[in-house]
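Written below as structure tokens is the structure these notes are about.
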Amino acid sequence: MRVEVDLDRCEGNAICEKLAPQLFQLDEDDYSVVQLDPVPAGLEEVAAKAIEECPRAALRRG
């Protein structure tokens, strides 16, 4: 599984980082950055939750 971030939609709410800090970090401009690509099998469920919970729908399966 891969996760992509749409930087035009990302507002830096950091919900993804709170749900999966091992997968997401905010950069210096407060945009989400995927740290592990592809997402390891053991983290796919939490990655899917982060995609679902993003308030701006800035995350999607790639």
Side-chain angles (χ1 to χ4, degrees):
M1 166 184 198
R2 298 181 69 146
V3 177
E4 296 176 353
V5 180
D6 182 341
L7 298 180
D8 290 330
R9 297 187 67 89
C10 183
E11 291 182 334
N13 292 306
I15 291 171
C16 57
E17 186 177 32
K18 290 174 185 151
L19 289 171
Q22 62 276 51
L23 291 179
F24 302 98
Q25 281 189 333
L26 296 185
D27 67 11
E28 62 277 352
D29 296 318
D30 288 333
Y31 291 113
S32 182
V33 176
V34 179
Q35 299 298 304
L36 301 172
D37 184 32
V39 174
L43 297 175
E44 287 182 353
E45 187 174 322
V46 72
K49 179 76 169 166
I51 292 169
E52 180 182 313
E53 295 292 323
C54 181
R56 295 282 297 145
L59 303 175
R60 65 179 172 264
R61 289 179 185 256

Report all side-chain donor-acceptor pairs from residues 40-62 shorter than 3.5 Å, counting only partners two or more places apart or in another chain.
from: Lys49; atom 1: NZ; to: Glu53; atom 2: OE2; distance (Å): 3.2
from: Arg56; atom 1: NE; to: Arg9; atom 2: O; distance (Å): 3.3
from: Arg56; atom 1: NE; to: Glu11; atom 2: OE2; distance (Å): 3.3
from: Arg60; atom 1: NE; to: Glu4; atom 2: OE1; distance (Å): 3.2

Hydrophobic cluster identity match, Val33 and Leu7, side-chain contacts under 4.5 Å: no
Indicate every side-chain donor-acceptor pair of residues 13-29 with a distance under 3.5 Å to a residue at least two apart or in another chain.
from: Asp27; atom 1: OD1; to: Asp29; atom 2: N; distance (Å): 2.9
from: Asp27; atom 1: OD1; to: Asp30; atom 2: N; distance (Å): 3.1
from: Asp27; atom 1: OD1; to: Tyr31; atom 2: N; distance (Å): 2.9

Salt bridge (Lys or Arg N to Asp or Glu O under 4.0 Å): pairs with one or both residues in residues 32-41, sequence neighbours excluded: Arg2-Asp37
